[in-house]
Student: 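One structure follows; several queries about it will come next.
As a basis for the values below, the full set of heavy atoms in this structure was taken, side chains included, without hydrogen atoms, waters or symmetry mates. What you are looking at is a predicted structure, and each value in this text was computed from that prediction instead of being measured.
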Amino acid sequence: QVQLVESGGGLVQVGDSLRLSCAASGRTFNDYGMGWFRQAPGKEREFVSALNWNGGRTYYADSVKGRFTISRDNAKNTVNLQMNSLKPEDTAIYYCAATFPGGPTISLRDYDYSYWGQGTQVTVSS
């Protein structure tokens, strides 16, 4: 079992930056692949970014590639999402997620993630 708590969301202007953090507690953090997903009002949840246990492999959605950077610090049990050049279409609730030991080491698919945080709101105003 692992518990995830996101932080760092807020209201920003177009072009601004935000850094989301996800703090994990419970089992050994580096057993898990980690990901970020988001859900905008009236839309389905979508993949944003993911990385494997040591950050050596990363995936990004095309919509955020070149603007967002995912990273993790296994010593601190945290995974971060640096978001630059924010756009109004980035407005959503952002969720941190963890896979499970023995499961996929990295994935774009939400059903590969067993643990989810409560989400943090990101609003980009034009």
Student: Taking only residues two or more places apart in sequence, or in another chain, which ones meet Ser107 in a side chain to side chain contact (heavy atoms under 4.5 Å, CB included)?
Tutor: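 Checked Ser107 against side chain to side chain contact (heavy atoms under 4.5 Å, CB included); matches are Pro104, Arg109, Asp112, Tyr113.
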Student: Taking the side chain as C-beta and beyond, is there a heavy-atom pair between Ile93 and Thr120 under 4.5 Å?
Tutor: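 No; the side chains remain at least 4.5 Å from each other.
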Student: Would you say Glu89 has more than 12 foreign heavy atoms packed within less than 6.0 Å of its CD?
Tutor: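 Yes, CD of Glu89 has more than 12 neighbouring heavy atoms, counting only those of other groups under 6.0 Å.
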Student: Would you check if Val14 and Pro88 make a side-chain contact, meaning some heavy-atom pair closer than 4.5 Å?
Tutor: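 The answer is yes; the side chains approach within 4.5 Å.
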Student: If I take atom CG from residue Asn52 and atom OG1 from residue Thr99, how far apart are they, to the nearest 0.5 angstrom?
Tutor: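 OG1 of Thr99 is found 10.0 Å from CG of Asn52.
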Student: Please tabulate, for the side chains in residues 15-26, all donor-acceptor contacts under 3.5 angstrom to protein atoms that are two or more places apart in sequence or on a different chain.
Tutor:
| unit_1 | atom_1 | unit_2 | atom_2 | d |
| --- | --- | --- | --- | --- |
| Asp16 | OD2 | Gln13 | N | 3.0 |
| Ser17 | OG | Asn84 | OD1 | 2.9 |
| Arg19 | NH1 | Gln82 | OE1 | 3.4 |
| Ser21 | OG | Asn80 | OD1 | 2.8 |
| Ser25 | OG | Gln3 | OE1 | 3.3 |

Student: Taking Thr123's backbone N and O only, do any of them form a donor-acceptor pair with Thr91's side chain (distance below 3.5 Å, no angle check)?
Tutor: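 No, because the side chain of Thr91 does not come within donor-acceptor range (under 3.5 Å) of the backbone of Thr123.
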Student: Are any of the side-chain heavy atoms of Met83 and Val12 separated by less than 4.5 Å?
Tutor: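 Answer no - side chains too far apart.
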Student: Between the side chain of Arg67 and the main-chain N/O of Ser85, is any donor-acceptor distance below 3.5 Å?
Tutor: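 Answer holds: yes.
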Student: Which residue pairs pass the ring pair (Phe, Tyr, Trp, His ring centres under 6.0 Å) test when at least one of the two sits in residues 74-103, sequence neighbours left out?
Tutor: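 Output for this query is empty, none listed.
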Student: Could you state the interatomic distance from CG (Leu108) to CD (Glu46), rounded to the nearest 0.5 Å?
Tutor: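 Answer rounded to 0.5 Å: 11.5 Å.
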Student: Under the rule for ring pair (Phe, Tyr, Trp, His ring centres under 6.0 Å), what residues qualify as partners of Phe47, not counting sequence neighbours?
Tutor: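 Expected list: Phe37.
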Student: Side-chain contact, heavy-atom cut-off 4.5 Å: Ile70 with Met34?
Tutor: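 The answer is no; the side chains never approach within 4.5 Å.
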Student: With a 4.5 Å limit on heavy-atom distance, are the side chains of Cys96 and Trp36 in contact?
Tutor: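 Of all side-chain heavy-atom pairs linking Trp36 with Cys96, at least one is under 4.5 Å.
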Student: Mind jotting down which residue pairs meet the ring pair (Phe, Tyr, Trp, His ring centres under 6.0 Å) criterion with at least one end in residues 53-76? Sequence neighbours excluded, please.
Tutor: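 Checked against ring pair (Phe, Tyr, Trp, His ring centres under 6.0 Å) - neighbours excluded - no pair reaches residues 53-76.
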Student: Side chain of Arg38, backbone of Val122: donor and acceptor closer than 3.5 Å?
Tutor: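 Answer holds: no.
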Student: When you compare the side chain of Arg45 with that of Trp116, does any pair of heavy atoms fall below 4.5 Å?
Tutor: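 Yes - at least one pair of side-chain heavy atoms lies under 4.5 Å apart.
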Student: What do the steps show when you test Asp62 against Lys65 for salt bridge (Lys or Arg N to Asp or Glu O under 4.0 Å), and what is the final call?
Tutor: CA-CA 5 Å; Asp62 287 343; Lys65 202 170 293 184; 3.1 Å; yes
Student: Does a side-chain heavy-atom distance below 4.5 Å link Leu81 with Val48?
Tutor: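 Leu81 reaches Val48 side chain to side chain.
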Student: Side chain to side chain contact (heavy atoms under 4.5 Å, CB included) with Val5: which residues, sequence neighbours excluded?
Tutor: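 Once residues adjacent in sequence are excluded, the partners of Val5 under the side chain to side chain contact (heavy atoms under 4.5 Å, CB included) criterion are Gln118.
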